[in-house]
Amino acid sequence: MLKVFNTMTRQKETFEPMTPGVVNMYVCGPTVYNYIHIGNARSVIAFDTIRRYFEYRGYQVKYVSNFTDVDDKMIREAHKEGITVPELGDKFIQAFKEDTAALNIEPATANPRATDFIQEIVSFIEKLITKGYAYPVDGDVYYRAHKFADYGKLSHQNIDELEEGASQHTNDEETARKEDPIDFALWKGAKPGEISWPSPWGAGRPGWHIECSVMSTHFLGDTFDIHGGGEDLTFPHHENEIAQSEAETGKPFVHYWMHNGFVTVGDENQKMSKSLGNFVTVHDLIKTVDPQTLRFFMATTQYRRPIQYTQQNIDTAARNLQRLQTAYDNMGYRLKDAEAGNDPKTEQETRQLVADYIDAMDDDFNVQNGVSKVYDLARLGNVYAERSFVLKGTLEFMRQTLADLLGVFGVVLTEADSLDDDHIQSLIDERIQARQDRNFQRSDEIREQLKNQGIILEDTPQGTRWRKEN
RNA sequence: GGUGGUAUAGCCAAGUGGUAAGGCAGAGGUCUGCAAAACCUUCAUCGUCGGUUCGAAUCCGAUUACCACCUCCA
């Protein structure tokens, strides 16, 4: 029985999809005014891992994630670069796709852009005005937060407390136009020179939260299973989405709200964010860090836990991943001399580990316990592969199982390099001869020579094999 | 001020009542001509104080520290 932690109820709840066997989920994507940083990457990886686990468990997943491609920051950044807002959006949407591909993120079912939904956004706002949940002022339109009785139910904030906080920021002109400080913009009138679209309230652009209400319901219906995003989106973004959507449709918006924890960085253990300026972009990072290592590192931290981004943690993740890859290789090498057949006892032990893995992952995606079972499987495989007599069916079963379990984390195991490199093979042959002649000086010389070329030799009871150094 | 979260070995990190999973690093060992890889063994009493209980890392109270949200942010 799969359980997920629901931010709304602050509890783990049994996951029951609206349609049996199908999961409809929406994950808030980035505002595309820069390369994504590793905090964005964490969110993308967390929810991709969740998606993959659902798929591993046999669910069909419809996964929608948006691009917010117009807002103040987009306008500012485009102006700075001397390009248009759509050009800026194109550039960083492309970059997003490249970066997330490197992290082995499954492409979303749909990746809608806010600016492709302006008409629907305008209609949505008109309906909110008709229902009395919104009001136009001088070309802007604001949401009347007090009108929505449940405002604050997701973030568990008292509306009066929020008001107190909001009223401390009353010195801008926008706030002056609102009926109430906690009201928020659905539509913003354009200033001269700004990108804009026509509307009943004059030329302007959507506010920040409305695009997600419109696009999520467009693709997934008025009510859907899961809505995800970083925990900083709980308030105000998701709170406002609920207010907008439920006022519009009169139906519950989302069944399960899921929020991922932050990436912290440096000795201060501070949240990394674009606004704090202490961020590392994926674009830059993967020039020096293996993307698969980064993926493994982040995917194997439970999504609600904070991640401390440090070099030491990355290094450890790289070793851990290597250990799993080596186990896969160790079993793979034995396929050549394995006999046909299966070992029921070892396969039963493997199945038990898979069952334990599923138990762990079913508990709100407890990847720490899940991955510990993968290490157990690697050990089981290593021990089996050291037997003098091995069976092919069992080796293949364990290898496939290992690959499947790691696949949930978005890790792809590679096949060992084939032994068809003539140059290396001739040196290995020479070294085998030298060892037979007990000419260890020559044999060590060859091993050293290959090592300098990044080739590691390993002598096993089944012969000498080689691999590339990591 | 309001609302949450976190504190477990050198590091990362599981664990919601019965005498602390897993990984990295360290130590010892097996295998090897020597290595490498692998395997085996070993390494903590759970921020602090008090309470409940036959028994608590796990429940209750207090306390300390750090982080986040309440304003754009994954």
- Rounded to the Å, how far apart are A:R319 CZ and B:rG26 C1'? 12 Å
- Message: For A:V371 and A:E386, find the nucleotide of RNA chain B closest to each by heavy atoms; which residue's nucleotide sits nearer the 5' end?
- Response: A:V371
- Message: What contact category does A:K73 fall into here, base, sugar-phosphate, or nothing, at under 4.0 angstrom with non-hydrogen atoms?
- Response: sugar-phosphate
- Message: Angle between ring planes, A:F96 versus A:F67, binned at 30° and 60°: parallel, tilted or perpendicular?
- Response: perpendicular
- Any side-chain N or O of A:R323 under 4.0 Å from OP1/OP2 of B:rC39? yes
- Message: Output the rounded distance in Å from NE2 (A:H209) to P (B:rU71).
- Response: 11 Å
- Query: Taking any strand in view, what nucleotide pairs with B:rU19 in a Watson-Crick or G-U wobble way, both distances under 3.5 Å?
  - Reply: none
- Query: Excluding sequence neighbours, so at least two apart, what forms side chain to side chain contact (heavy atoms under 4.5 Å, CB included) with A:V27?
  - Reply: A:M25, A:F47, A:Y63, A:S65
I'd like a table of atom pairs between the protein and nucleotides 30-33 of chain B - only N or O on both sides, under 3.5 Å - with the distance next to each one.
residue, atom, partner, partner atom, Å
B:rG33, N7, A:R435, NH2, 3.4
B:rG33, O6, A:R435, NE, 3.3
B:rG33, O6, A:S443, OG, 3.2
B:rG33, N1, A:D444, OD1, 2.9
B:rG33, N2, A:D444, OD1, 3.4
B:rG33, N2, A:D444, OD2, 2.6

- Task: Answer yes when A:E448 and A:K451 have at least one side-chain N-carboxylate O distance shorter than 4.0 Å, and no when they do not.
- Result: no
- Check every strand shown and say whether A:Q312 touches a base, only sugar-phosphate, or nothing at a heavy-atom separation below 4.0 Å. sugar-phosphate
- Task: Strictly below 4.0 Å, heavy-atom distances to any atom of RNA chain B: list the hits from residues 226-235 of chain A, or just say none.
- Result: A:G229, A:G230, A:E231, A:D232, A:L233, A:F235
- Query: With a non-hydrogen cut-off below 4.0 angstrom, is A:L457 in contact with a base, only sugar-phosphate, or nothing?
  - Reply: base
- Message: Under a 3.5 Å cutoff, is there a donor and acceptor pairing between the side chains of A:T234 and A:S155?
- Response: no
- Query: Expressed in angstrom and rounded to an integer, what is the separation of A:R465 atom CZ from B:rA35 atom C1'?
  - Reply: 14 Å
- Task: Scan A:N260 against the nucleic acid and name what it touches under 4.0 Å (heavy atoms): base, sugar-phosphate only, or nothing.
- Result: base
- For nucleotides B:rG61 and B:rU71, find the distance between their C1' atoms and express it as a whole number of Å. 36 Å
- If pairing means Watson-Crick or G-U wobble with both distances under 3.5 Å, then the partner of B:rA56 is none
- Have a look at A:N382 and say if it touches a base, only the backbone sugar-phosphate, or nothing, with a 4.0 Å heavy-atom cut-off. sugar-phosphate
- salt bridge (Lys or Arg N to Asp or Glu O under 4.0 Å) between A:K188 and A:D72, worked out: CA-CA 10 Å; A:K188 293 178 149 188; A:D72 293 346; 3.2 Å; yes
- Between B:rC69 atom P and A:N240 atom CG, what is the distance in whole Å? 16 Å
- Query: With a cut-off of 6.0 Å (strictly less than), are more than 12 heavy atoms of other residues, nucleotides or ligands near NZ of A:K153?
  - Reply: yes
- Item | Gap in Å between the two P atoms, one belonging to B:rC70 and one to B:rG26, rounded | 43 Å
- Can you check whether A:K271 has a side-chain N or O nearer than 4.0 Å to OP1 or OP2 of B:rC69? yes
- Query: Salt bridge between A:R399 and A:E396, side-chain N to carboxylate O under 4.0 Å?
  - Reply: no
- Item | A:R467 side, atom CZ; A:Y333 side, atom OH - distance, nearest 0.5 Å | 8.0 Å
- Task: Kindly say whether the aromatic ring centers of A:Y143 and A:H209 come within a distance under 6.0 Å.
- Result: no
- Task: To the nearest Å, give me how far apart CD1 (A:I50) and P (B:rA74) are.
- Result: 17 Å
- Message: Students often get this wrong, so: under 4.0 angstrom with heavy atoms, is A:V44 touching a base, only sugar-phosphate, or nothing?
- Response: nothing
- B:rA56 and B:rG22: how far apart are their P atoms, nearest whole angstrom? 24 Å
- Query: Below 4.0 angstrom, N of the basic side chain to O of the carboxylate: do A:D459 and A:R431 qualify?
  - Reply: yes
- Over 60° means perpendicular and under 30° means parallel, so classify the ring planes of A:F15 and A:F54, tilted if in between. tilted
- Spacing of A:K451 atom NZ relative to B:rA36 atom C1', expressed in whole Å: 10 Å
- Query: Expressed as a whole number of Å, how far does the C1' atom of B:rC43 sit from that of B:rG28?
  - Reply: 11 Å
- For atom P, what is the distance between B:rU48 and B:rU8, given to the nearest Å? 10 Å
- Message: Roughly how many Å apart are B:rC39 and B:rC31, using the C1' atom of each and rounding to a whole number?
- Response: 9 Å
Show each protein N/O and nucleotides 1-5 of chain B N/O combination with a separation under 3.5 Å, one pair to a line.
residue, atom, partner, partner atom, Å
B:rG2, N2, A:Q157, NE2, 3.3
B:rU3, O2', A:R10, NH2, 3.0
B:rG4, OP1, A:R10, NH1, 3.3
B:rG4, O5', A:R10, NH1, 3.1
B:rG4, O5', A:R10, NH2, 3.4

- Smallest separation among heavy atoms of A:M215 and A:N66, with atom names: CE-CB, 3.6 Å
- Grab the CD-P distance between A:Q311 and B:rA25 for me, whole Å please. 15 Å
- Query: Listed by chain and number, what are the ring-ring contact (aromatic ring centres under 6.0 Å, His included) partners of A:F262, not counting sequence neighbours?
  - Reply: none
- Of A:H237 and A:K12, the one whose closest nucleotide on RNA chain B sits nearer the 5' end is A:K12
- Query: Quick one: A:D329 CG to B:rA38 C1', roughly how many Å, whole number?
  - Reply: 12 Å
- Task: Using the six-membered ring wherever Trp is involved, compare the ring planes of A:Y35 and A:H283 and label them parallel, tilted or perpendicular (cut-offs 30° and 60°).
- Result: parallel
- Query: Heavy atom of residues 354-368 of chain A under 4.0 Å from RNA chain B: which residues?
  - Reply: A:N366, A:Q368
- Gap in Å between the two P atoms, one belonging to B:rC67 and one to B:rC72, rounded: 22 Å
- Message: One thing to verify: whether A:R295 and A:D48 come together as a salt bridge, which I'm taking to mean a side-chain N less than 4.0 angstrom from a carboxylate O.
- Response: yes
- When rounded to the nearest Å, what value does the distance between P atoms of B:rC46 and B:rA9 take? 9 Å
- Would you please classify the geometry between the A:F253 ring and the A:W257 ring as parallel, tilted or perpendicular, with 30° and 60° separating the classes? tilted
